[in-house]
Visitor: 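Take this structure first; my questions come after.
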Amino acid sequence: MSDFLNAVISGIGFGSLYGLVALGLVVVFKSTGILNFSAGALMAVGGLVAASVGHGFWISAALAMVVVAAIGGTANLAVMRPLLGRGLFPGVMVTIGLASILQGVAGIKFGHQATFLDSPIEQASFQLPLHTTVSTTLLVAFVVSVTATVVLSVGFRRTAVGLQLRAAASRPEVAAAFGANPTWIFTYAWAAAGALAALAGALLASLTVADLSIGAFALRAFSAMIVGGVDSLGGAMLGGVLVGVIELLAGTYLGNDFRIPSTMVLLMVFLLFRPQGLFGSAEVVRP
Amino acid sequence: MTTVTAARVPVVTAWQLVRWLGLAAAAAVAIGLPDVLTPYWTLIATNAVLAFAIAAPLNLLTGNTGQFSLGNAAFLAIGAYTGAFITLKLDFQLPLALLAAAAVGALVGLLVGLPSLRLRGAYLLMSTLAAHYLVVFAAQRFQTSQFGAAGAIFPPLQVGGVDLSSDRAMYLVILAFAGVIGLVIHNIMHSGHGRALEAVKARDVAAAACGIRVRRVKLVVWSLSSAMIAAAGVLQAYLIGAATFEYYTLDLAIASIAIIIVGGLGSLGGSLLGAGFVTLVPVGINRLSEQYGGQVGGQEQGLLAHPLELQTIVYGVIIIAFVIFKPEGLIGLARSAGRMVQRAVGGARHA
């Protein structure tokens with residue numbers, strides 16, 4: 001029983017990190033139609049930048065978010081803009097190329113020695129009844145992720161930028177005719193994706209170590225995105241949590257080798273039986 | 001009464017002749033290459049030819065039929081482990097291993113292709129991503145149960161008692177294999193089937209309206225290309241000397257996609273140019289780094305002191321540059337150069 005509860009609790013914590021990255025994927029996919037394969041690299045760079053600052057967790061994470069948001073925004077202006085309307089393949093390949101460049105530059109800048117980042121809260125974990133332990137970093141991850149989801153959802157619905165973003169996503173020409181500037185709107189979307197990835201990267205770095213390999217965690221964000229429904233922010237977060245819980249349960253009861261395959265089985269099941277995900281709209285077609 | 005018409009005699013134009021002569025010359029050069037190259041460069045040539053044999057079937061699937069797949073490293077793994085099982089456990093030889101790998105590859109390719117009947121775009125891509133990890137996981141299980149943690153270690157290649165493990169022999173074996181792959185794909189592309197693939201890529205609803213059986217075409221291409229990639233996986237494992245599941249990463253799959261992007265989507269010549277280019281770039285960077293990247297007075301000399309990172313960066317830049325500025329790839333450059341030459345020659349003739 002306590003194994004089960006521990007797996008579920010850690011799964012929710014890790015899953016909310018996948019959800020954070022998936023939020024960034026959804027924001028970019030929703031607005032520009034680009035499936036962002038550089039999320040892992042952005043995340044790793046976020047973790048590395050945060051670990052190199054060395055002023056406690058919160059300041060370091062905030063700085064990393066600013067830096068990676070700038071990288072995301074610049075990437076949009078420099079290489080994503082020419083791809084609008086060119087379909088799936090070019091976007092995926094350019095983001096893969098971007099990931100490659102980021103990894104190379106980060107390798108030179110930060111070296112390959114793993115570094116560490118402080119925890120957000122001194123006390124590493126606390127006990128709950130039924131022999132369950134909660135890592136405070138995972139708790140912070142969960143709270144931060146839910147907050148980010150709420151802030152983004154409200155921002156999408158209630159702010160001028162959010163309205164323009166949704167308009168530009170569905171009909172860029174019409175939105176432009178009404179005064180929205182798709183270039184800047186999409187740049188904000190990329191910056192937001194970068195900031196979210198950096199936040200997830202910083203949290204992961206404080207949970208494990210800061211090096212390029214933590215980018216591999218972003219893989220689960222794709223599962224989270226599909227499970228939640230590619231165009232739903234709340235869905236992405238819930239999808240992330242579901243992926244995290246399934247992954248840790250598989251890890252606990254089947255062995256660590258089964259962690260990634262279990263998330264991929266979940267992804268496959270959703271693709272085959274419910275491609276619109278839990279909360280996505282069924283008519284979304286972006287060939 | 002019968003009349004003999006001159007129209008029956010096959011007409012060979014000057015350009016066709018030039019092409020055939022060019023092809024024959026290229027084949028002769030390709031076969032003679034290891035006689036003039038050092039073993040180091042022979043190995044690089046072998047890698048390039050193998051990269052072509054892997055990229056060309058992927059190009060048929062992605063470039064010609066429009067099915068974007070991240071699954072090719074998984075098919076290489078399927079080939080490698082099928083080959084390992086056939087040769088190491090069952091004691092059969094390479095030809096049978098190639099056939100068996102192709103058969104298993106075709107079957108799994110059919111399964112991985114099934115979602116393509118329902119899904120498109122990002123969803124289809126995600127299904128190939130899931131397939132990649134599931135196949136590699138299966139490979140890991142198979143490796144541990146059959147060969148142990150170190151992986152399947154291949155002996156030097158021998159067929160019918162003839163030792164084929166020298167650099168030169170390996171090169172020729174892989175060259176012959178790549179030649180067969182190239183010929184098969186060339187014939188598919190220049191037949192009605194090839195036009196059916198292009199139609200499915202352009203608009204599958206319209207293709208169906210033209211009488212093309214879209215579902216069948218998609219599944220056939222998925223299994224055919226997967227069969228060829230799996231067969232190439234056997235040779236790749238022999239070249240490396242081992243099959244270990246850690247080798248079959250998503251990056252390996254992406255490397256083949258990079259080749260067809262750089263070379264040119266939907267073109268056999270593009271696959272060849274791309275394979276050469278993408279194989280040679282890291283070699284070139286290593287050379288530069290060896291010559292100029294050393295430490296000078298204990299001071300590291302900029303970028304060239306980090307050849308690995310530099311390779312990663314250049315690789316990314318190349319992919320982005322081709323997608324944005326030259327989507328038709330190197331073959332597009334070669335074609336426009338060819339047209340310029342043709343025009344220049346034609347112009348000279350008419351002058």
Side-chain angles (χ1 to χ4, degrees), chain A residues 29 33-35 37-38 41 75 78-83 86-109 111-112 216 219 222-223 225-226 230 257-258 260-273 275-277 284-287, chain B residues 62-63 66 68 70 112 114-115 118-138 140-141 144 203-204 249-251 253-255 257-258 260-262 265 300 302-303 305-306 308-325 327:
Chain A
F29 189 72
I34 288 175
L35 195 57
F37 270 73
S38 66
V79 293
M80 304 301 159
R81 212 154 41 124
L83 300 174
R86 271 183 56 189
L88 177 78
F89 190 69
V92 169
M93 288 317 290
V94 166
T95 54
I96 286 175
L98 177 67
S100 194
I101 295 174
L102 285 174
Q103 279 163 0
V105 173
I108 294 176
K109 187 90 186 58
H112 292 280
L219 177 67
F222 286 121
S223 300
M225 181 192 188
I226 297 286
V230 288
D257 286 353
F258 284 84
I260 289 186
S262 68
T263 67
M264 292 295 138
V265 169
L266 186 70
L267 171 58
M268 209 54 158
V269 166
F270 267 87
L271 284 172
L272 292 180
F273 300 108
Q276 74 271 33
V284 170
V285 175
R286 282 227 194 240
Chain B
T62 300
F68 187 7
L70 285 168
V112 176
L114 275 177
R118 279 192 67 183
L119 305 172
R120 58 175 67 238
Y123 297 94
L124 179 59
L125 187 67
M126 286 294 122
S127 82
T128 65
L129 184 77
H132 167 87
Y133 282 98
L134 293 176
V135 167
V136 171
F137 176 65
Q140 179 187 355
R141 295 260 127 187
T144 342
R203 192 109 187 103
D204 50 6
T249 58
L250 202 57
D251 286 343
I254 290 168
I257 304 175
I260 63 176
I261 286 267
V262 168
L265 288 171
E300 286 193 340
L303 277 178
H306 304 275
L308 280 179
E309 284 83 359
L310 194 57
Q311 278 174 24
T312 319
I313 295 172
V314 170
Y315 181 68
V317 170
I318 287 172
I319 292 177
I320 293 178
F322 272 94
V323 172
I324 293 180
F325 299 114

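Below, each value reflects all heavy atoms present in this structure, side chains not excepted, and no hydrogens, waters or symmetry copies. By convention in this document, chain letters (A, B, ...) are assigned in the order of the sequence lines, proteins followed by strands, and residues within each chain are numbered from 1.
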Visitor: What part of B:Leu129 gets closer than 4.5 Å to chain A, counting heavy atoms only: side chain, backbone, both or neither?
Guide: both
Visitor: Answer whether the closest heavy-atom distance between the side chains of B:Val112 and B:His132 falls below 4.5 Å.
Guide: no
Visitor: Report which part of B:Leu119 has an atom under 4.5 Å of a heavy atom belonging to chain A: side chain, backbone, both, or neither.
Guide: side chain
Visitor: Within the 4.5 Å heavy-atom criterion, are A:Leu83 and A:Pro90 side-chain neighbours or not?
Guide: yes
Visitor: Under a 4.5 Å cut-off applied to non-hydrogen side-chain atoms, are B:Phe68 and A:Met93 in contact?
Guide: yes
Visitor: Quick one: does A:Leu35's side chain get under 4.5 Å of A:Thr95's, heavy atoms only?
Guide: no
Visitor: For A:Phe270, is it the side chain, the backbone, both, or neither that has a heavy atom closer than 4.5 Å to a heavy atom of chain B?
Guide: neither
Visitor: So what's closer than 4.5 Å to chain B heavy atoms on A:Pro82: side chain, backbone, both or neither?
Guide: side chain
Visitor: Is there a donor-acceptor pair under 3.5 Å between the side chain of B:Thr312 and the backbone N or O of A:Ser100?
Guide: no
Visitor: Checking heavy atoms, do the side chain of B:Leu265, its backbone, both or neither come under 4.5 Å from chain A?
Guide: side chain
Visitor: Most heavy-atom pairs under 4.5 angstrom with chain B, which of A:Val79, A:Ile260, A:Leu219, A:Leu267?
Guide: A:Leu219
Visitor: Please classify the contact of A:Leu271 with chain B as side chain, backbone, both or neither, using a heavy-atom distance under 4.5 Å.
Guide: both
Visitor: If you define the side chain from C-beta out and look only at heavy atoms, does anything of A:Phe37 sit under 4.5 Å from B:Leu125?
Guide: yes
Visitor: For B:Gln311, is it the side chain, the backbone, both, or neither that has a heavy atom closer than 4.5 Å to a heavy atom of chain A?
Guide: neither
Visitor: Can you find a heavy atom in the side chain of B:Glu309 that is under 4.5 Å from one in the side chain of A:Val105?
Guide: no
Visitor: For B:Ile257, is it the side chain, the backbone, both, or neither that has a heavy atom closer than 4.5 Å to a heavy atom of chain A?
Guide: both
Visitor: Would you mind telling me which of B:Ser127, B:Ala131, B:Ala138 has the largest number of heavy-atom pairs within less than 4.5 Å of chain A?
Guide: B:Ser127
